[in-house]
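Everything quoted here is computed from the prediction, not taken from an experiment. Each residue takes its place number in the sequence, starting with 1.
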Amino acid sequence: MFRVTRRSLLAASLASPALAQTGFPNRPIRLIVPWLPGGSADHLRLLADLASRHLGQPVVTENRPGVSGTLGPGLLAQEPRGDGHLIGQIPITAFRIPAMMRRPAFDPAQDFTWIIHLAGYCFGVVVRADSPFRSWDDMLAHAKANPGKLSYASPGMGSSPHIAMERIARETGASFLHVPYRGGTDTAQAVLSGAVDCTADSTSWAPLVQDGTLRLLVTWGATRAPRFPEVPTLREGGLNIVADSPFGLAGPKNMDRGVVRELHDALKPALMDPRHLEMLARFDMPLRYMDSQDYGSFARQLAADEAAEIRRLDLRMD
């Protein structure tokens, strides 16, 4: 018969400090998804289900779209001290939108506890199949020779495609005409109708590229997109630019380190689960894992870099 002693309890607490000292988790965990349900956002629902099996409590996704993906992070930032039962996705816009406002709702460098970095998105530039631009170099040469004439659609002012195209213009000497739209469906329709010369966006264009309606000229990831291995990256064209809207999960500031460790250690195997990796691949989303410490350092640098870029472009929302 096993007898519980003070020594055995001490040993157990040392072996599992977070569980022994906090009893975490002791109720369902809410995971805020700052987008509408559907599409690539649904990979977080699968991630939550897989993580639940490691935590012993349900991880329940809660969709809170709005304010360009910053409504959800704003909810996290309102909590003075997180206990780990409220976490959420932090999209790239959470680093960008506050820099565009005089009175931001939160400070991305100060108001979150970083848990785990997850992935990014695949972006690229597409033209119609009958476009005279056969390659990315063709299009760049035209944009340099005809300043402000080559038009491109993006999913909005201050979006990742807009920011990346402005950076491309600055580093190459090309000049583009930016035409902002409301989202991927609109940007695809814009290039199909001939309203713009090209579209810069995430892979909402993928089915149209695969069926030959659109031509993909370049992608913006660190490596070629697995679904489009014949298409070069910006880096291969001589531009040291990777634009993939990296994102991860965080909680309110001042979370207990043991709780952060428990969450990380449940979310990492969920992230690496073959079922989840298959879903990322289905949406052309590159895996970009970072642990809590590395994610924190990355996030602070990202906040500074995004704010500097917003100042260079003089983008304001108020």
Side-chain angles (χ1 to χ4, degrees), residues 35-36 39-40 65-70 91-93 96-97 99-101 121-209 211-221 228 231 233-234 237 239 241 243-245 284 306 309-318:
W35 317 109
L36 289 168
S40 60
V67 200
S68 300
T70 62
I92 190 72
T93 48
R96 191 176 293 151
I97 298 298
M100 299 168 66
M101 306 179 75
Y121 297 92
C122 177
F123 292 90
V125 177
V126 295
V127 296
R128 281 191 352 186
D130 60 359
S131 168
F133 305 124
R134 306 298 301 177
S135 71
W136 172 244
D137 288 341
D138 288 346
M139 200 177 79
L140 268 186
H142 180 84
K144 292 176 183 178
N146 301 273
K149 298 285 183 66
L150 192 144
S151 58
Y152 76 93
S154 88
M157 190 75 68
S159 64
S160 290
H162 176 215
I163 298 295
M165 288 293 282
E166 291 293 335
R167 187 177 171 192
I168 290 166
R170 186 170 66 246
E171 296 193 16
T172 63
S175 177
F176 304 108
L177 174 62
H178 178 219
V179 184
Y181 287 83
R182 291 179 297 179
T185 301
D186 291 341
T187 61
Q189 185 57 42
V191 71
L192 286 171
S193 68
V196 295
D197 296 305
C198 64
T199 281
D201 206 347
S202 59
T203 51
S204 56
W205 38 253
L208 295 171
V209 171
D211 72 12
T213 304
L214 297 178
R215 181 184 306 122
L216 178 60
L217 300 182
V218 69
T219 57
W220 298 350
F228 305 100
V231 180
T233 66
L234 289 173
L239 283 172
I241 295 176
D244 60 2
S245 286
D284 306 288
E306 290 294 328
E309 191 67 25
I310 293 300
R311 287 193 295 271
R312 273 193 290 268
L313 296 174
D314 194 27
L315 297 177
R316 306 297 305 176
M317 289 188 69
D318 55 6

CA sep, side-chain torsions, deciding dist, call: Arg170, Arg312, side-chain contact (heavy atoms from CB on, under 4.5 Å): CA-CA 11 Å; Arg170 186 170 66 246; Arg312 273 193 290 268; 3.7 Å; yes
Pairwise distance OG1(Thr199) to CG(Leu192) - rounded to 0.5 angstrom: 8.0 Å
Reported SG-to-CE distance for the pair Cys198 and Met165, which is rounded to 0.5 angstrom: 5.0 Å
Closest approach of Gly212 to Ala129 (non-hydrogen atoms, all atoms of both residues): O-CB, 3.2 Å
Step-by-step side-chain contact (heavy atoms from CB on, under 4.5 Å) determination, Tyr121 to Ile92: CA-CA 11 Å; Tyr121 297 92; Ile92 190 72; over 6 Å; no
Student check: side-chain heavy atoms of Arg215 and Val209 closer than 4.5 Å: no
Side chain proximity check, Met157 to His178, heavy atoms < 4.5 angstrom: yes
Heavy-atom closest pair, residues Pro155 and Ala200: CD-O, 3.7 Å
Euclidean distance, Asn146 CG relative to Asp197 CG, rounded to 0.5 Å: 10.0 Å
Point-to-point distance, once rounded to the nearest 0.5 Å, from CZ of Arg311 to CD of Glu306: 11.0 Å
Heavy-atom check, side chain of His162 versus side chain of Leu315, under 4.5 Å: yes
Separation between CG of Asp244 and CG of Asp284, rounded to the nearest 0.5 Å: 12.5 Å
Lys/Arg N to Asp/Glu carboxylate O, Arg134 vs Asp138, below 4.0 Å: no
No-hydrogen, no-angle side-chain donor-acceptor test under 3.5 Å, Asp137 and Ser135: no
Note, Trp220 side chain near Ile168 side chain (heavy atom, < 4.5 Å): yes
Arg167 vs Leu239 side-chain heavy atoms within contact, under 4.5 Å: no
Thr93 (side chain) donor-acceptor with Ser68 (main chain) under 3.5 angstrom: yes
Test side-chain contact (heavy atoms from CB on, under 4.5 Å) applied to Val231 and Trp136, step by step: CA-CA 10 Å; Val231 180; Trp136 172 244; over 6 Å; no
Short side-chain donor-acceptor distance under 3.5 Å, Ser160 and Ser245: yes
Nearest-0.5 Å distance, OG1 of residue Thr187 to CG of residue Asp201: 4.0 Å
Test item: Thr219 side-chain N/O and Gly221 main-chain N/O as donor-acceptor pair under 3.5 Å: no
Intermediate values then yes/no, side-chain contact (heavy atoms from CB on, under 4.5 Å), Tyr181 and Val196: CA-CA 11 Å; Tyr181 287 83; Val196 295; 4.2 Å; yes
Minimum-distance pair of heavy atoms, taken over all atoms of Val191 and Val127: CG2-CA, 4.2 Å
For the student: nearest non-hydrogen atoms of Ser154 and Ser159, plus distance: OG-OG, 3.6 Å
Whether Tyr152 and Phe176 hold their rings parallel, tilted or perpendicular, with breakpoints at 30° and 60°: perpendicular
Distance-minimising heavy-atom pair for Ala188 and Leu208: CB-CD1, 4.2 Å
Heavy-atom neighbours of Lys144 NZ exceed 12 at 6.0 Å: yes
Over all atoms of both residues, closest heavy-atom pair of Phe228 and Ala206: CZ-CB, 3.9 Å
